[in-house]
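Some notes on the structure that comes next.
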Amino acid sequence: MRAYNFAAGPSTLPLEVLQEAQRDLLDFQGTGMSVTEISHRNKKFEAIVEEGEALLRELLNIPENYAVIFVQGGASQQFAAVPLNLMHGGKADYVVTGNFAKKAFEEGKIYGDAQCVASSEDKVYTYIPDVKNIPFRKGTDYVHICSNNTIFGTRYAEFPETEAPLVADMSSEILSREIDVNKFGVIYAGAQKNLAPAGVTIVIARRDLIQSPLPICPTLLKWKVQDENNSLYNTPPCFPIYIATLVLRRLKALGGVKAMNEIDEYKAGLLYDFIDSSPYYTNRVEKKYRSIMNVPFVTPSKEADEKFVKEAAAAGLVSLKGHRLVGGMRASIYNAMPVEGVKALIGFMKKFEKENA
Ligand SMILES: *Cc1c(COP(=O)(O)O)cnc(C)c1O
């Protein structure tokens, strides 16, 4: 039996996608080989990369003047790639709303004058600073934000209007809500939260911004080079790209990002409504900024939290332990988590409360 997997990443994938990959595994499109065994220059594989890019463009409404590339190294590698491609004037602003946002900021400092212009660390990252009142500096190369904070369960309700290009780490929410790509200079997202297995990261970058990476930028991190080579400058992570393409096909068939967002909002609403109605469970995030992807919650005691995680796992609801920085529980309810999974979790929560409150 398949578990309901609430892991923050790598995370659950759609069952139909896994089944299709399983069918293809011994014989991909009549090649007599799996997709992991053929050359990345094979026309059939090139077609997969092209389709993946085209689907991303269609589903996110990405304008022609943006590059869409598949790269390696996870979102963490992009923490360095951002300054290496964009920090021409040596100056960038960062908004620190969580652990990953902070890591991106620390990486930025290696390459120039990176400054934290707003942070929500004072309240353990349970909110997003008011985007209308952030003292952005003049003349910076970019402003970096993390749009959904995986560990703390917050997301931007609205995005800041910035003079400098806005760069967003959307790893844990890409394709879960409609966005206006034109408002961003660069968007990047590691795949293992909402799109594919670990190993591929997507970068969406306005082409005019990426034409002159810093001289010290390694070739592989130059977005321009990846763009010019259709993500095939060197051997790409073939299998994750293939799965991503299957996931994107499914998303399109489901009605695209708008339809997905309605389902995601519905799932998150069920869970938050239950938590808010219960005297036993608490979510500490300011309501306006609650993530629809990652939902942290606690019971009144650490002992009960531990018991909850154990008993939930025994009931087939796995990976609910919260991040060590937050404690308690965290339910990651990405696009691939079925509504039934969230309902099963709520059912378990009710039972646990009855037995332990
Ligand atoms: C998971 C995550 C990362 C880190 O991804 P890696 O693939 O481990 O480098 C960065 N940012 C956000 C928002 C994430 O959720």
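No experiment lies behind these values; they were computed from the predicted model shown. All ligand and atom numbering here is 1-based and tracks the order in the structure.
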[atom]: the protein heavy-atom neighbour that sits closest, reported with distance to 0.1 Å:
atom: atom 2 (C) of ligand 1; answer: Lys193 NZ, 2.5 Å
atom: atom 11 (N) of ligand 1; answer: Asp169 OD2, 2.6 Å
atom: atom 4 (C) of ligand 1; answer: Phe100 CE2, 3.6 Å
atom: atom 9 (O) of ligand 1; answer: Ser76 OG, 2.6 Å

Problem - Proximity of Ala198 to ligand 1 by residue part, where a heavy atom lies under 4.0 Å - result: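 Ala198 to ligand 1: no contact under 4.0 Å from either part.
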Handout entry: Ser11 (side chain) donor-acceptor with Gln192 (main chain) under 3.5 angstrom
Key =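 Checking the backbone N and O of Gln192 against the side chain of Ser11, a donor-acceptor pair under 3.5 Å is found.
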Exercise for the section: Using atom types as modelled and distance alone, determine if a side-chain donor or acceptor of Arg57 lies under 3.5 Å from a backbone N or O of Tyr66. Expected result: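 It does hold such a pair.
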Atoms in ligand 1 flagged as close to [X], the criterion being non-hydrogen separation under 4.0 Å:
X: Cys146; result: 13 (C)
X: Phe79; result: 10 (C)
X: Gln192; result: 5 (O), 6 (P), 7 (O), 8 (O)
X: Thr150; result: 12 (C), 13 (C), 14 (C), 15 (O)

Handout entry: Nitrogen or oxygen atoms of Ala75 and ligand 1 under 3.5 Å apart
Key =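 Right, the criterion is met.
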Practice task
Tell me, please, whether Phe348 has Lys350 positioned over its six-membered ring: NZ or CZ under 6.0 Å from the ring centre and within 45 degrees of its axis?
Solution key: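 No; the conditions do not both hold, so Lys350 does not lie above the ring face of Phe348.
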Compute the centroid of each ring, for [X] and then for [Y], and state whether the two points are separated by less than 6.0 Å.
X: Phe184; Y: Phe159; value: yes
X: Phe308; Y: Phe352; value: yes
X: Tyr94; Y: His144; value: yes
X: Phe297; Y: Phe274; value: no

